[in-house]
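What follows is a set of notes on a single structure, which appears directly below.
Quick caveat, the model's predicted, so the values are computed rather than measured.
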Amino acid sequence: MNDEKLLSALGNGDVSALERIMKKYSGYVCTVARNFSRGFLSEEDIDELSVAVFYKLWEQRGRLDVKLGLKAYLSAAARNAVKNRFRDDPPPCEDISELDIPAEFSVEEHAELSETLEVLDEGLKALSPKRREIFLRFYLYGEQTSQIAKAMKISEGSVRTELHRARAKLKEYMSDRGYDYV
């Protein structure tokens, strides 16, 4: 059964449709949560978040508007679940070059992305600690500028300015190393 039919059946309250979705996508949801949490959550936490994602899918079944597809919806839900878990206690900022790359990538794509992440990580290390933390909180952990400002005890305008400057510095750093498309 394809995803559209599964979603239709789910919308009609078919529990077996939810079971089929869970069977098909539970590994994917766990992988997204694991990658997005960057190893700061235990496997039990990852499993708990996965269950929460599917529970929320069931709760929202009558109001679902999945325009981009079920996989994209579940990926966003998993990332949001991790963000919610880290809302009050964000994990420490670490190297992004160690992010897991999905298994669907070819060997060439994997190598190219790994190299790009390493260069990007070097560029991040060239930023001031404050600017790097703001950048990672915003882009890696998905925090809003207001959340970052509150957590770091600075104005929201300062957060936006630091993000702008970080993007400019990283763009220049990456461009100097031949990554003009980044």
Side-chain angles (χ1 to χ4, degrees), residues 3 25 27-43 45-46 49-50 53 66-87 89-182:
D3 287 352
Y25 289 111
Y28 176 74
V29 169
C30 286
T31 299
V32 169
R34 188 176 299 107
N35 288 346
F36 199 70
S37 72
R38 303 253 353 263
F40 292 105
L41 293 177
S42 68
E43 283 303 311
D45 290 335
I46 299 294
L49 288 177
S50 175
V53 165
V66 183
K67 294 178 183 166
L68 296 176
L70 181 58
K71 192 172 184 178
Y73 175 87
L74 292 171
S75 176
R79 287 191 311 271
N80 287 337
V82 172
K83 280 194 277 187
N84 291 340
R85 178 67 62 93
F86 289 146
R87 181 170 285 137
D89 186 25
C93 297
E94 300 257 341
D95 294 346
I96 66 162
S97 62
E98 296 177 12
L99 285 173
D100 289 334
I101 298 172
E104 301 91 47
F105 279 44
S106 70
V107 173
E108 289 174 352
E109 291 170 324
H110 189 279
E112 184 178 325
L113 185 56
S114 292
E115 183 180 314
T116 303
L117 287 173
E118 285 178 23
V119 174
L120 180 59
D121 194 46
E122 291 168 11
L124 286 170
K125 288 177 181 174
L127 298 175
S128 70
K130 176 183 174 184
R131 192 170 286 167
R132 180 174 52 248
E133 181 178 353
I134 290 170
F135 185 89
L136 290 173
R137 281 177 175 261
F138 187 79
Y139 286 106
L140 188 61
Y141 302 128
E143 291 183 25
Q144 296 177 354
T145 55
S146 59
Q147 293 173 310
I148 297 168
K150 185 177 179 182
M152 296 182 71
K153 296 177 177 54
I154 57 176
S155 73
E156 198 170 340
S158 293
V159 171
R160 286 192 296 271
T161 299
E162 290 296 323
L163 283 171
H164 174 77
R165 290 176 180 166
R167 285 189 299 266
K169 286 283 190 192
L170 286 173
K171 183 177 181 180
E172 179 183 342
Y173 187 89
M174 297 297 284
S175 181
D176 289 348
R177 283 148 186 82
Y179 292 90
D180 294 326
Y181 58 89
V182 178

How long is the span from the [atom1] atom in [X] to the [atom2] atom in [Y], to the nearest 0.5 Å?
X: Lys150; Y: Ser155; atom1: NZ; atom2: OG; result: 15.5 Å
X: Ile134; Y: Ile154; atom1: CD1; atom2: CD1; result: 4.0 Å
X: Arg167; Y: Arg131; atom1: CZ; atom2: CZ; result: 11.5 Å
X: Leu170; Y: Leu127; atom1: CG; atom2: CG; result: 5.0 Å
X: Asp121; Y: Arg132; atom1: CG; atom2: CZ; result: 9.0 Å

Practice task
Could you pull out the closest heavy-atom pair between Ala81 and Val53, with the gap in Å?
Solution key: CB-CG2, 4.2 Å
Exercise for the section: Locate the shortest heavy-atom distance separating Val32 from Ala78; write the atom from each residue and the value. Expected result: CG1-CB, 3.7 Å
Handout entry: Side chain proximity check, Phe138 to Glu162, heavy atoms < 4.5 angstrom
Key = no
Handout entry: Within-4.5 Å side-chain heavy-atom neighbours: Tyr179 and Leu120
Key = no
Exercise for the section: Just say parallel, tilted or perpendicular for the rings of Tyr25 and Tyr28, cut-offs at 30° and 60°. Expected result: perpendicular
Exercise for the section: Step by step, work out the side chain to side chain contact (heavy atoms under 4.5 Å, CB included) result for Arg137 and Glu133. Expected result: CA-CA 6 Å; Arg137 281 177 175 261; Glu133 181 178 353; 2.9 Å; yes
Problem - Exercise: do Thr145 and Glu156 side chains pair donor with acceptor under 3.5 Å - result: yes
Handout entry: Test item: side-chain donor near acceptor, Ser75 and Arg79, under 3.5 Å
Key = yes
Problem - Aromatic Tyr173 / basic Arg177 pairing, under 6.0 angstrom, 45° off normal - result: yes
Handout entry: Donor-acceptor contact below 3.5 Å, side chain Ser50 vs main chain Ile46
Key = no
